[in-house]
Trainee: 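Attaching a single structure in structure tokens format; questions to follow.
Sequence lines set the chain letters: A, B, ... in the order given, protein chains first and strands last, and positions in each chain run from 1. Everything numeric here is computed off the predicted structure, so don't read it as measured data.
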Amino acid sequence: MGEQLTSQKRFKGLETDLSEADLKKIYRAMLVTRLFDTKSMNLQRQGRIGFYVPCSGQEAAQIGSAFALRPDDWTFPTYRDVGVAVLRGVEISKLFAHLMGNSDDEMLGKQMPSHWGYKEVNFVSVASPIATHLPVATGVAMAMKLEKTGTVVVAYHGDGATSEGEFHAAYNFAGVYKAPIVFICENNGWAISVPVARQTVSETLAAKAEAYGFEGVRIDGNDVLTVYEATKKAVEKARSGGGPTMIECLTYRMGPHSTSDDPSRYRTREEFELWQRRDPVERLRRTLVEAGLWDDSAEVKLRSEIEGEITRAIEKEEKVAMPSPRTMFEGVYSTELKSLSEQRENSVLDKVSKE
Amino acid sequence: MGEQLTSQKRFKGLETDLSEADLKKIYRAMLVTRLFDTKSMNLQRQGRIGFYVPCSGQEAAQIGSAFALRPDDWTFPTYRDVGVAVLRGVEISKLFAHLMGNSDDEMLGKQMPSHWGYKEVNFVSVASPIATHLPVATGVAMAMKLEKTGTVVVAYHGDGATSEGEFHAAYNFAGVYKAPIVFICENNGWAISVPVARQTVSETLAAKAEAYGFEGVRIDGNDVLTVYEATKKAVEKARSGGGPTMIECLTYRMGPHSTSDDPSRYRTREEFELWQRRDPVERLRRTLVEAGLWDDSAEVKLRSEIEGEITRAIEKEEKVAMPSPRTMFEGVYSTELKSLSEQRENSVLDKVSKE
Amino acid sequence: MPTINIVQAVNQALREEMRRDDRIVVLGEDVGKDGGVFRATEGLYDEFGEDRVMDTPLAEAGIIGTAIGMAIYGLNPIPEIQFLDFIYPAFDQIVTNLAKLRYRSGGQYSCHLVVRAPYGGGIKGGHYHSQSSEAYFTHTAGLKVVIPATPYDTKGLLLSSIRDPDPIIFLEPKRIYRAVKGEVPDGEFTVPIGKARVAREGSDVSIFAYGAMLHVAMQAAEAAKAKNGVECEVIDLRTLVPLDTDAIIASVQKTGRVVIVHEAPKTSGFGAEISAQIAERAIEYLKGPILRVTGYDTPFPYTLEEYYLPSVPRVQAAIEKIMQY
Amino acid sequence: MPTINIVQAVNQALREEMRRDDRIVVLGEDVGKDGGVFRATEGLYDEFGEDRVMDTPLAEAGIIGTAIGMAIYGLNPIPEIQFLDFIYPAFDQIVTNLAKLRYRSGGQYSCHLVVRAPYGGGIKGGHYHSQSSEAYFTHTAGLKVVIPATPYDTKGLLLSSIRDPDPIIFLEPKRIYRAVKGEVPDGEFTVPIGKARVAREGSDVSIFAYGAMLHVAMQAAEAAKAKNGVECEVIDLRTLVPLDTDAIIASVQKTGRVVIVHEAPKTSGFGAEISAQIAERAIEYLKGPILRVTGYDTPFPYTLEEYYLPSVPRVQAAIEKIMQY
Ligand SMILES: Cc1ncc(C[n+]2csc(CCOP(=O)(O)OP(=O)(O)O)c2C)c(N)n1
Ligand SMILES: Cc1ncc(C[n+]2csc(CCOP(=O)(O)OP(=O)(O)O)c2C)c(N)n1
Ligand SMILES: [Mg+2]
Ligand SMILES: [Mg+2]
């Protein structure tokens, strides 16, 4: 990805060394993510999946950063980073399989929806507890450095995550060991109902990186090209032994925190509308149109193509059976413990009654 | 403490608003601390106490900061902060009672030596795990603010402590709630065998405060007057609603980490000698002599007075009985649980055999 | 008496007690403006303001650590952990400070506070929104562990807990937050900590349960009666520490048959302690093995959670098994 | 065969295995230049260099968290926690990631690593240098828990653990680090994980123990024989998860009398699980109650630690008590 080209400013109003194909690939991923997101929210509302964590509004931060990576680089996403999965090439049907927790699910239905993980694209399995993946991500980067693989890790986290002790440990180890890691902080202004201003009184989140001896930069996280450029630079630095960087992407989640949340309890309509005008997908679309690379008919065609894909994926996955009750006992250890085999053998596999 | 005087530079070579009595009080506390420390190390070597954490070399940071407080301000010390206890007025015999774990011990022999706590002087009971007292200290400061008491908290910690997640939580909460707290970081260069350079690559430890939206200052921690001035300023700021400050005191532990440690395994003789020349007790003594406030005969007299006190305290405390085995069951809860009473009643109170 | 559910009982207890005692401070993630992700603190922010209902930064060690500080300074903090699964960043504060402060200071300091946390499965929450880790806390000397199963007990035990001088882990069975309703008096009343409740009398089998499992046990008891005419005694433990061993032993002496039900994984779950207490104190009364119906020794699964949680048929099978001895 | 002590056995196992497998990385506080506060990693830094023997910052969540990362990337990390009492800042990493990574990812990822930590009392370490919190880990599905009691088993079990594909909590009884010596072969050998050892055969009473308590149990068995002619069978459990229930049940079937010994507090200690296993599987063989001799339900005390720890007289008293049934 991110193939190098020589000239800049080749497109009207656009300062980038990305090719037309690259730009369209990025746009496609953003649109897939947006449409997938919208569809998944609907599926949950319809009771067809149990839970979902939407990402609309944050596509630029996710996809711009992921585009700066090589396939053998590793990513540590949060529940919200659908865009990273999409850009890295996870099939849409696999994403739905996970949301449904069916037998096709790479997680085998063991995790709740939005707790993705796809080893084939180095997109490491998500846990719900905030910031717990960060020390692990640093550890992978430390291993890469020890093994001199020339690869890097990109770890994603929110603004709220910066308050956790595990954030602190991860950043500090990254600094001390000069680990090849880039932290992408998707500062969407809110940790559920808690605004950044109550999360910390640090001037910026990027400023926190200095406490660990490396650079933090704050960027417009809704401009996919800015995110890409900043990440590319940070990744190159990490790859060449320069150590970690934190990139604070200013962005916004346009939806609720999750399908269990009602943001009208804590956010204003005005704030939402302001950010709606900064919609990153729409923004790239306009940019491409202005640069003469995109038009309405291309848009219509792409949308219907993606929507078709989505519909077919859902149809396919809704037919897939749920994992059998016995699989619940599998995979706790490399080989099943005798105690667990006994529990399985003695189990009465009846469903719990509903109150 | 810290009574205000009008003029400055009243003593030769000394820029301070402290009175002669203040200065002598500080010097006495430093000398008491040093002699107590030396004696305690010896007691451990002689097998008369089980364990000890020495503080020699760090007296200025401890006593200079504590001198800036009022009695109703609270302190959260570490195992190493003997100087704070001494300055706040804990009797030497009580300190020895604790080191012996006898029935006079305010901790009732429940904690290992150097895990002090004296409510009467607002010097809160120490736990061994590093940095765990910091969120608690912030919580006390938050309560003071809510109760509008006008008091402040001073929390002590080492350089190593800055790496823990609980440091991060404590500092962040302090910043967000503008809690009236001053963090005194005694940067003695080492966390047991780990030098600061491997603890963090932050330029200074003081710089870490910025990540939490408040000021961090680095000072010469072996100059008691500098420490006093910096703390006074920070305390005044906290008291008047200005929020927290971190003060990084550059200092050195002249002894081993604890009586279980052998620093020759990881530190050089040269480093030790360099810092020996910066001995904070000797430094204040020289300052006082130069200012015409002190001389050899005063020194001899004070030393022998303190040594006498120490000897008498040890003699007294060595005669005190150990707590009776049954007390072990007391004080877990406000009133004893029935299960524990049963355990006590059924207990065979014989000592464990020694391998 | 008004009929309310468990989350309303929590809310009512908090509101009433905050009106009575202005040293009470509620703190946690989203407990303020949002009213808590389960609405347990709904309305408190509006009534008591941001100084007493604090939306904190996202750091459980900070929430519980600062609550401990407030408690030793004399306030009466009630920290909320959003899901029990997220308490582990605060585990050090709990084990190191909360549980030991009184003992380690020779009684000079103590922390009077209640940590509230929704716990348990049944809401399709997967690994990290379903855990029942009460056993960890019961093994940590210095803590009390309280788990209500009904709206009445929720309010009565929460009020007792708030007034108790010791640190308390108060676990709320979120699966039945709304599903279980019952009559709860307005105003002050307490349920004592350390007393179990005989939820159903019976002479054949003793079933020990707490939290959401109490209701599964009750249904299984009814089913066993209907199917086999077996009379189960169901004991709602209500508090795990202190444990009402008298009530447990009295029931075992009566029935001689024991089934223990909890959601947590079996190995080293609190059921083991109940079993061990019985095996220590009343083995001569036993007519057969002590059976445990529990979650399995796996992380809490998502799709299959309904098979993971102890169900009425699973408890019934244990009742039938023990009746065969 | 050379006679060495337990800490030397740890050191030897690490050194030999690091020579064989260059993916092994040791990390922790003071494990490098200082060789570890108990000297368990002595000499490794000089032999293998700072890339493989890392003195880390003071953050257990960082130590275990980054070790998990290294493990999933294919290294073979062996983090040391300086005292088990300091593991709690890493508790979230252990419960959330270490134990669940394999299961939650549907087997895509796993973490093959051994967390080493000295544990237990007997060194006058007070609350925070004496804890035995093995029960927490045994209740955390996904972890294995290994506790050796002899130099031979220490080396053999540590080598097995390092080669085991699952995450292992390896607890070293620091009280007997130097006190217990024994013959240990140089070079490679393993002791299987999940197999208990009959440390002493006997027909009257089964004593189950592990770690330092094994030796207290052995002395009590000898004392009981000398005093009352009672023949105790002493079982060294060696691994708590997986637990060798076959060995436990076989012994109970033989003796019908049970005494369980551990240092950890009684309530919800691992002894409860052993008791519950017996009460579930072999109650018909029991001649009396299942007795536990354990630490008390208090924080670990300093001055009185010798009264707190299970002692030979305490175990003897339990043996005498159970023989009276
Ligand atoms: C340790 C922990 N505490 C609390 C929660 C509950 N929780 C889930 S998401 C969330 C807010 C996260 O905010 P942020 O890091 O900004 O990420 P965002 O959701 O905005 O992407 C909280 C408090 C959790 N998942 N983990
Ligand atoms: C949580 C925790 N981890 C490890 C230890 C072991 N330990 C005791 S003191 C210490 C070093 C502390 O260094 P620093 O904070 O600089 O304080 P200093 O001892 O230098 O005063 C370590 C690692 C501990 N006490 N607590
Ligand atoms: Mg956010
Ligand atoms: Mg230090």
Trainee: Given that the side chain runs from C-beta out, which part of B:Glu166 has a heavy atom under 4.5 Å from chain D: side chain, backbone, both or neither?
Mentor: side chain

Trainee: Determine the option with the most heavy-atom pairs under 4.5 angstrom with chain B, choosing from D:Thr298, D:Asp30, D:Asp55.
Mentor: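 It is D:Asp30.
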
Trainee: I'd like to know if B:Glu336 pairs up with B:Arg344 as an ion pair, taking the criterion as any Lys NZ or Arg NE/NH1/NH2 lying under 4.0 Å from an Asp or Glu carboxylate oxygen.
Mentor: yes

Trainee: First locate atom CZ of B:Arg198, then atom OG of B:Ser193, and finally report the distance between them rounded to the nearest 0.5 Å.
Mentor: 10.0 Å

Trainee: Pick one of side chain, backbone, both or neither for D:Thr294, based on which atoms fall under 4.5 Å of a heavy atom in chain B.
Mentor: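 D:Thr294 has no heavy atom closer than 4.5 Å to chain B.
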
Trainee: Please state whether the side chain, the backbone, both or neither of D:Gln82 comes within less than 4.5 Å of a heavy atom of chain B.
Mentor: side chain

Trainee: Relative to chain D, which segment of B:Ala161 carries a heavy atom at a distance below 4.5 Å: side chain, backbone, both, or neither?
Mentor: backbone

Trainee: What part of B:Phe167 lies closer than 4.5 angstrom to a heavy atom of chain D: side chain, backbone, both or neither?
Mentor: neither

Trainee: Would you say the rings of B:Tyr212 and B:His168 are close, in the sense that their centroids are separated by under 6.0 Å?
Mentor: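 Centroid separation for B:His168 and B:Tyr212: below 6.0 Å.
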
Trainee: Side chain, backbone, both or neither: which part of B:Ser347 has a heavy atom under 4.5 Å from chain D?
Mentor: both

Trainee: For B:Tyr252 and B:Phe272, take the angle between the two ring planes, folded into 0 to 90°, and tell me which bin it lands in: parallel under 30, tilted 30 to 60, perpendicular over 60.
Mentor: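 Taking B:Phe272 first and then B:Tyr252, their aromatic rings sit tilted (interplane angle of 30° to 60°).
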
Trainee: Determine whether the aromatic ring centres of residues D:Tyr128 and D:Phe83 are separated by less than 6.0 angstrom.
Mentor: no

Trainee: Among D:Arg39, D:Met54, D:His129, which residue has the highest count of heavy-atom pairs closer than 4.5 Å to chain B?
Mentor: D:Arg39

Trainee: If you count heavy-atom pairs under 4.5 Å with chain D, which of B:Met107, B:Gln343, B:Lys110, B:His115 comes out on top?
Mentor: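 Counting heavy-atom pairs under 4.5 Å, the top option is B:Gln343.
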
Trainee: Should the pair B:Trp116 and B:His98 be assigned to parallel (<30°), tilted (30 to 60°) or perpendicular (>60°) ring geometry?
Mentor: tilted

Trainee: Counting heavy-atom pairs closer than 4.5 Å to chain D, which one of B:His257, B:Arg265, B:Met322 comes out on top?
Mentor: B:Arg265

Trainee: Name the region of D:Ala317, side chain, backbone, both or neither, that has any atom closer than 4.5 Å to a heavy atom of chain B.
Mentor: side chain

Trainee: Would you call B:Arg253 and B:Glu186 a salt bridge, using N to O less than 4.0 angstrom?
Mentor: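 A salt bridge is absent here (no side-chain N lies under 4.0 Å from a carboxylate O).
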
Trainee: Would you confirm whether B:Asn102, through its side chain, and B:Glu317, through its main-chain N or O, come within 3.5 Å as a donor-acceptor pair?
Mentor: yes

Trainee: Below 6.0 angstrom between ring centroids: does that apply to D:Phe300 and D:Tyr308?
Mentor: yes

Trainee: At a 4.5 Å cut-off on heavy atoms, which part of B:Ile192 comes close to chain D: side chain, backbone, both, or neither?
Mentor: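 Answer is both: backbone and side chain atoms of B:Ile192 are under 4.5 Å from chain D.
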
Trainee: Could you check which of D:Gly126, D:Pro57, D:Gly32 has the highest count of heavy-atom pairs closer than 4.5 Å to chain B?
Mentor: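 Among the listed options, the one with the most contacts to chain B is D:Pro57.
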
Trainee: Please classify the contact between D:Phe86 and chain B as side chain, backbone, both or neither, with a heavy-atom cut-off of under 4.5 Å.
Mentor: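 Side chain only.
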
